[in-house]
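These notes concern the structure reproduced below.
The sequence lines fix the lettering, A, B, ..., with proteins before strands; numbering per chain opens at 1.
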Amino acid sequence: MMNTKKLAENLGLEEEEFIEIFELFVETGNEDLENLFSAIHEGDSERAVQAAHSLKGAAANLGLAEIFEAAKKVEEMARNHLSGTLAEAALKLKREFESIARP
Amino acid sequence: LDYSFPILIAEDNPVSRKLLEKTLLKAGYDVSSVENGKRALSLIKERFFPIVLTDWIMPEMDGLELCRAIRGSEVAAGYVYLILLTARDSKDDIIAGLEAGADDYLTKPFNRAELMARLNTGMRILELERSLKKANEDIRKLSITDPLTGSYNRGYLSERFPKEAKRALRYGRPLSVILSDIDHFKQVNDTYGHLVGDLILKTFVKRLKENLRQGVDWVVRYGGEEFLIVLPETDVEGARVVAERMRKKICTEGAEVDGIQVSISASFGITGFSSFGQEEDISMESIIGKADEYLYQAKREGRNRVRGEALQSASAAPLPHLPPLPSEADLREAKGPGE
């Protein structure tokens with residue numbers, strides 16, 4: 001379970017301010033994931049890199065370490081065209097994202 | 001709250017943008033944000049942002065291009081302190097960023113305390129820039145002003161007059177000058193002393209200015225007690241009216257110095273033109289020289305009076321022109337074919 005109070009404190013924000021930004025994170029994160037999977041499906045590794053990069057950056061900003069690590073792995077794999085393990089890593093990222101995005 | 005240094009954020013990631021915005025707003029800054037460099041650039045042209053925080057990788061125009069664009073031209077009203085936000089922390093990338101014109105950089109995800117510290121550095125530099133600018137403006141003002149009377153000095157005259165005359169000639173507009181000189185000023189100085197003389201000069205300029213249009217007409221201390229007034233958009237008859245009004249005011253009101261009423265008078269030489277053709281070229285020396293001639297006429301005829309006429313158009317009374325140099329063909333022809 002995500003400790004919003006602690007995460008907000010780390011960023012020097014009030015809890016409700018953090019939640020507001022977190023909601024934006026969920027919204028854009030869903031778009032990033034959608035883009036990521038359609039890019040993988042089409043074999044468009046450049047677009048996959050972009051989607052993972054965007055999610056990685058957003059997660060890093062909010063201090064969401066698990067999502068950051070998972071997105072980083074996806075970005076690296078897409079960059080190196082490791083399509084076999086890419087799908088697996090993308091699924092892991094999706095699970096990490098959903099575990100906190102859908103409480 | 002610090003609203004003297006508004007900050008512009010250029011960041012494409014909505015979450016990062018929002019977080020930066022919130023953090024800076026909370027710290028009391030005046031913040032605006034856009035999602036790419038292109039937007040940032042057009043916003044900066046509308047409103048000045050002394051501090052720009054820009055992401056590196058953005059669609060349309062990235063951070064490096066934005067840095068170069070801001071540095072490359074006079075888009076902003078003053079110095080823009082640029083902080084580049086980057087996830088890249090390799091030396092090469094940082095060097096590329098600084099070479100593109102960034103003043104500083106911050107690695108993402110940013111640390112709040114570090115961000116604030118770097119903004120403080122930026123504001124320190126900007127304060128310095130502002131005080132330098134202010135000092136430069138003060139120096140500029142001093143360099144063109146006569147300290148005693150507050151009128152312009154001759155340096156400024158030779159800088160501004162040619163532009164003023166050129167503009168009037170180009171658009172066929174009138175322009176006149178009044179050259180004024182306090183009568184028997186040497187006697188005033190001898191009788192009352194130089195301190196009183198100085199105060200009289202001040203009062204004299206004040207009287208002149210009372211009869212002028214603010215921000216249009218301007219006064220130059222041309223010599224010791226000689227002042228030149230430039231009247232754009234005014235023909236000689238207009239200048240005569242103004243000079244006459246000045247003359248009356250000065251000789252009826254005189255100057256009061258330390259409770260002593262000192263009566264003074266002044267003579268005026270005026271000249272100018274209404275609308276000469278574009279091909280005309282009137283030098284500053286010739287127009288002021290003409291006013292000077294009329295001023296001495298006023299002195300000769302008993303002082304405390306206004307004398308002067310419009311400048312004669314060169315096409316009406318042509319100046320002696322040198323004939324054009326003969327061309328080589330002309331020379332050959334002159335020699336004749338037989339030679």
Side-chain angles (χ1 to χ4, degrees), chain A residues 2 4 6-36 46-76 78-79 93 97 100-101, chain B residues 1-2 7 9-29 31-37 53-64 83-90 92-93 97 105-120:
Chain A
M2 186 175 63
T4 49
K6 184 94 188 74
L7 288 165
E9 209 180 288
N10 289 343
L11 295 169
L13 297 174
E14 301 297 324
E15 197 174 357
E16 56 266 38
E17 288 174 320
F18 177 81
I19 289 168
E20 193 191 325
I21 298 176
F22 181 73
E23 280 165 2
L24 184 65
F25 169 77
V26 172
E27 195 183 308
T28 57
N30 273 318
E31 285 168 21
D32 288 336
L33 281 174
E34 234 169 79
N35 280 333
L36 174 65
E46 196 181 318
R47 208 153 65 84
V49 170
Q50 277 170 16
H53 182 84
S54 166
L55 192 49
K56 185 187 80 173
N61 274 308
L62 295 188
L64 304 168
E66 292 82 5
I67 298 176
F68 170 76
E69 288 300 338
K72 191 176 163 189
K73 203 156 269 170
V74 173
E75 188 187 348
E76 276 167 14
R79 218 181 272 285
L93 171 60
F97 181 79
I100 64 157
Chain B
L1 290 183
D2 196 342
I7 302 176
I9 300 167
E11 159 72 85
D12 62 328
N13 188 303
V15 176
S16 307
R17 188 167 67 237
K18 186 99 186 167
L19 181 62
L20 264 174
E21 205 180 291
K22 268 247 149 39
T23 305
L24 294 174
L25 278 173
K26 243 180 118 68
Y29 288 103
V31 188
S32 302
S33 66
V34 289
E35 65 277 9
N36 63 52
L53 274 171
T54 176
D55 186 21
W56 184 312
I57 300 156
M58 291 180 290
E60 300 269 354
M61 181 188 261
D62 71 19
L64 286 197
I83 303 177
L84 195 62
L85 293 165
T86 173
R88 309 161 163 218
D89 48 10
S90 87
D92 285 348
D93 288 334
Y105 69 96
L106 198 60
T107 46
K108 290 198 298 186
F110 68 88
N111 172 287
R112 199 165 48 97
E114 188 185 358
L115 171 64
M116 295 308 157
R118 293 197 186 265
L119 285 174
N120 278 332

Between B/P109 and A/A60 the two heavy atoms that sit nearest each other are CB-O, 3.4 Å
Applying a strict 4.5 Å limit to non-hydrogen atoms, the region of A/S54 in contact with chain B is both
In terms of heavy-atom pairs under 4.5 Å with chain B, the winner among A/H53, A/E17, A/E14 is A/E17
**OP:** Taking the side chain as every heavy atom from C-beta outward, state whether B/L19 and A/L13 have any atom pair closer than 4.5 Å.
**Re:** yes
Heavy-atom count around B/K26 NZ within 6.0 Å, excluding the residue itself: above 12? yes
Cut-off 4.5 Å, heavy atoms of chain B, and the answer for A/E27 is neither
Residues of residues 10-18 of chain B with a heavy atom under 4.5 Å from any heavy atom of chain A, in residue-number order, are B/N13, B/P14, B/V15, B/S16, B/K18
Contacts of A/A48 meeting side chain to side chain contact (heavy atoms under 4.5 Å, CB included) (sequence neighbours excluded), chain-then-number -> A/L36, A/A39, A/A78
Between the NZ atom in B/K108 and the CG atom in A/N61, the distance rounded to the nearest 0.5 Å is 6.5 Å
